[in-house]
There are 2 protein chains.
Amino acid sequence: MTTTGQAGLASALMRLSQVVAHVFADVSRSRDLTPQQAQLLCTLIEGPVGMSELGRLLHLEKSSLTGLVDRVERRGLVLRTRDPSDRRASQVGLTCQGAQLAAESHEDVTARLEDLAGELAPADRKRLAAAIATMLDRVVA
Amino acid sequence: MTTTGQAGLASALMRLSQVVAHVFADVSRSRDLTPQQAQLLCTLIEGPVGMSELGRLLHLEKSSLTGLVDRVERRGLVLRTRDPSDRRASQVGLTCQGAQLAAESHEDVTARLEDLAGELAPADRKRLAAAIATMLDRVVA
DNA sequence: TATTGTTATACTCTATAACTATA
DNA sequence: TATAGTTATAGAGTATAACAATA
């Protein structure tokens, strides 16, 4: 039995999340991004998101998000667009350069996580993904 | 099929780790700790650790760790002890108050993660923990 | 009044480079 | 020379409170 096995599911989840965070940090650094900036870019891959929604997704206070978006916008990776239907709101979307960086970073992280899962049999991987999906469904609900 | 299910194992792992990080952040905040401080305390639960080893575990440069330990020591949660056999080195250990906070925080996070896993059948939980353990074994090796 | 977002402020977190002390 | 750790510095990340603009 491994050390991890003894510690229970919760501890396994904590360690796993720490490892994933470190992978993310390494990949971010290799692209000259902070982990927070890379996380922001990856969140925008599927399309522009409003500031409020982005704050919920990233678990950030609105003022923290303002600063984060400011710095990434200054580097030309994202763009704020004023919402015409509600002139208070704005959407944050990737620029071409930002989209490229986001895609590359996401692929790098994916590759390293796939490698980490390399020992698992296909059936185990499928069950693992399904079990995680079940847990995550509980979060949104 | 859920949104998560479509995205593959790597994406599931990324989202899971983000959720765990948010849980950790919430629990830390409720104890008036930063996530980094709570992570440090939890790392010391099993016993004192040297600064170099701590840096490896937390994925931090030595100077970053110096500051983090400084701030937590100033709050009376940890204590540096000079190693008699190598007078350059020092061990960082929890104080009574630090140990209490660490235990409480760890229990809180554990409870919230267990809750998250609540939908899973016992057999699935066991398989999930085992699969994660297999992945983590690959990290250390 | 409520919501969206920014500004001001004060910390914390982090890395790089240079340093001290010990091995 | 190499290792353990600190200091100095600069920038990034974060929250709270107060604010402006719009709904």
Side-chain angles (χ1 to χ4, degrees), chain A residues 18 21-22 24-43 48-93 101, chain B residues 18 21-22 24-43 48-93 101:
Chain A
Q18 202 177 7
H22 293 173
F24 209 88
D26 289 342
V27 169
S28 304
R29 159 173 292 266
S30 78
R31 306 266 173 210
D32 199 30
L33 294 169
T34 66
Q36 292 86 354
Q37 291 170 354
Q39 189 82 64
L40 169 60
L41 296 187
C42 287
T43 304
V49 179
M51 289 288 283
S52 296
E53 172 69 1
L54 208 43
R56 270 190 298 276
L57 292 172
L58 298 178
H59 214 66
L60 287 179
E61 287 300 320
K62 50 191 180 176
S63 62
S64 307
L65 186 59
T66 294
L68 180 57
V69 171
D70 279 351
R71 288 182 291 273
V72 176
E73 188 172 34
R74 210 176 303 138
R75 283 189 47 183
L77 304 178
V78 305
L79 216 57
R80 281 176 171 96
T81 312
R82 223 61 194 182
D83 184 338
S85 69
D86 181 346
R87 283 175 19 229
R88 296 170 301 178
S90 58
Q91 298 269 313
V92 185
L101 253 185
Chain B
Q18 202 177 8
H22 292 174
F24 209 88
D26 289 342
V27 169
S28 304
R29 158 172 294 264
S30 78
R31 306 268 174 206
D32 197 30
L33 295 169
T34 65
Q36 293 85 353
Q37 291 169 354
Q39 188 83 62
L40 169 60
L41 296 186
C42 287
T43 304
V49 178
M51 289 288 283
S52 297
E53 172 69 1
L54 209 43
R56 271 188 298 276
L57 292 172
L58 299 178
H59 214 69
L60 287 178
E61 287 300 318
K62 51 192 181 175
S63 62
S64 307
L65 185 58
T66 294
L68 180 58
V69 172
D70 279 350
R71 287 182 292 273
V72 176
E73 189 172 34
R74 211 177 301 138
R75 282 188 49 181
L77 304 178
V78 305
L79 215 58
R80 280 174 171 98
T81 312
R82 223 60 195 185
D83 184 337
S85 69
D86 181 344
R87 284 169 24 224
R88 295 170 302 179
S90 60
Q91 298 271 311
V92 186
L101 252 186

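Just the heavy atoms: all of them, side chains too, but no hydrogens, waters or symmetry mates, feed the values below.
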Engineer: Determine whether B/Val49 and B/Val92 make a side-chain contact, defined as any pair of heavy atoms from C-beta on separated by less than 4.5 Å.
Structural biologist: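 The answer is no; the side chains never approach within 4.5 Å.
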Engineer: Under 4.0 angstrom, heavy atoms only, what part of the nucleic acid is B/Ser52 near: base, sugar-phosphate, or nothing?
Structural biologist: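 Answer is sugar-phosphate: B/Ser52 comes under 4.0 Å of backbone atoms only.
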Engineer: Using a 4.5 Å cut-off on heavy atoms from C-beta on, say whether the side chain of A/Leu68 contacts that of A/Leu40.
Structural biologist: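 Side chain of A/Leu40 against side chain of A/Leu68, heavy atoms only: contact under 4.5 Å found.
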Engineer: Give one of base, sugar-phosphate or nothing for B/Leu65, where a contact means two heavy atoms less than 4.0 Å apart.
Structural biologist: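 B/Leu65: no heavy atom of the nucleic acid under 4.0 Å.
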Engineer: Just checking A/Asp86: base, sugar-phosphate only, or nothing, at a heavy-atom cut-off of under 4.0 Å?
Structural biologist: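 It contacts sugar-phosphate atoms only.
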Engineer: Does B/Arg80 pair with B/Asp70 as a salt bridge, N-O distance under 4.0 Å?
Structural biologist: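 Salt bridge: yes.
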Engineer: Between B/Ser63 and A/Arg80, just flag the one whose closest nucleotide in DNA chain C comes earlier from the 5' side.
Structural biologist: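 Looking at the nearest nucleotide for each, A/Arg80 comes out on the 5' side.
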Engineer: Using a 4.0 Å heavy-atom cut-off across all strands, classify A/Arg74 as base, sugar-phosphate, or nothing.
Structural biologist: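 A/Arg74: no heavy atom of the nucleic acid under 4.0 Å.
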Engineer: Is there a donor on the side chain of A/Ser64 or the base of D/dA15 sitting less than 3.5 Å from an acceptor on the other?
Structural biologist: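 Flag set: donor-acceptor pair detected.
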Engineer: Whole Å only: how far is the CZ atom of B/Arg31 from the P atom of D/dA15?
Structural biologist: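 Atom-to-atom, B/Arg31 to D/dA15, this comes out as 19 Å.
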Engineer: Between B/Gln37 and A/Gly50, just flag the one whose closest nucleotide in DNA chain C comes earlier from the 5' side.
Structural biologist: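 By nearest-heavy-atom nucleotide position, the 5'-most residue is A/Gly50.
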Engineer: Reckon B/Leu68 touches a base, only the sugar-phosphate, or nothing at all at heavy-atom distances under 4.0 Å?
Structural biologist: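 Sugar-phosphate, no base atom in range.
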Engineer: Check whether any side-chain N or O of A/Ser28 sits under 3.5 Å from a backbone N or O of A/Phe24 as a donor-acceptor pair, and report yes or no.
Structural biologist: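 It does hold such a pair.
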Engineer: When only distance counts, do a donor and an acceptor, one from the side chain of B/Arg71 and one from the base of C/dT12, lie under 3.5 Å apart?
Structural biologist: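 Under the 3.5 Å cut-off, the side chain and the base do not form any donor-acceptor pair.
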Engineer: Tell me if the side-chain of B/Arg87 makes a donor-acceptor pair with the base of C/dT22, cut-off 3.5 Å, by modelled atom types.
Structural biologist: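 Counting by modelled atom types and ignoring angles, no donor-acceptor contact under 3.5 Å is found here.
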Engineer: Provide, to the nearest angstrom, the distance between the CD atom belonging to A/Glu61 and the P atom belonging to C/dC11.
Structural biologist: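 A/Glu61 atom CD is separated from C/dC11 atom P by 19 Å.
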Engineer: Could you tell me the separation between the CZ atom of B/Arg88 and the P atom of D/dA4, rounded to a whole number of Å?
Structural biologist: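 Value for this atom pair: 6 Å.
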Engineer: Could you tell me how far apart A/Arg29 (CZ) and C/dC13 (P) are, to the nearest whole angstrom?
Structural biologist: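 Roughly 18 Å, once rounded to whole Å.
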Engineer: How many whole angstroms separate atom NZ of B/Lys62 from atom P of C/dT14?
Structural biologist: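 Those two atoms, NZ and P, are 17 Å apart.
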Engineer: Can you tell me how far P of D/dT3 sits from CD of B/Glu53, to the nearest Å?
Structural biologist: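 My rounded result for the distance is 16 Å.
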Engineer: Expressed in angstrom and rounded to an integer, what is the separation of B/Gln39 atom CD from C/dT14 atom C1'?
Structural biologist: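 The distance from CD of B/Gln39 to C1' of C/dT14 comes to 16 Å, rounded to the nearest Å.
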Engineer: May I have the distance from B/Arg82 (atom CZ) to D/dA4 (atom P), rounded to whole angstrom?
Structural biologist: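 B/Arg82 atom CZ is separated from D/dA4 atom P by 12 Å.
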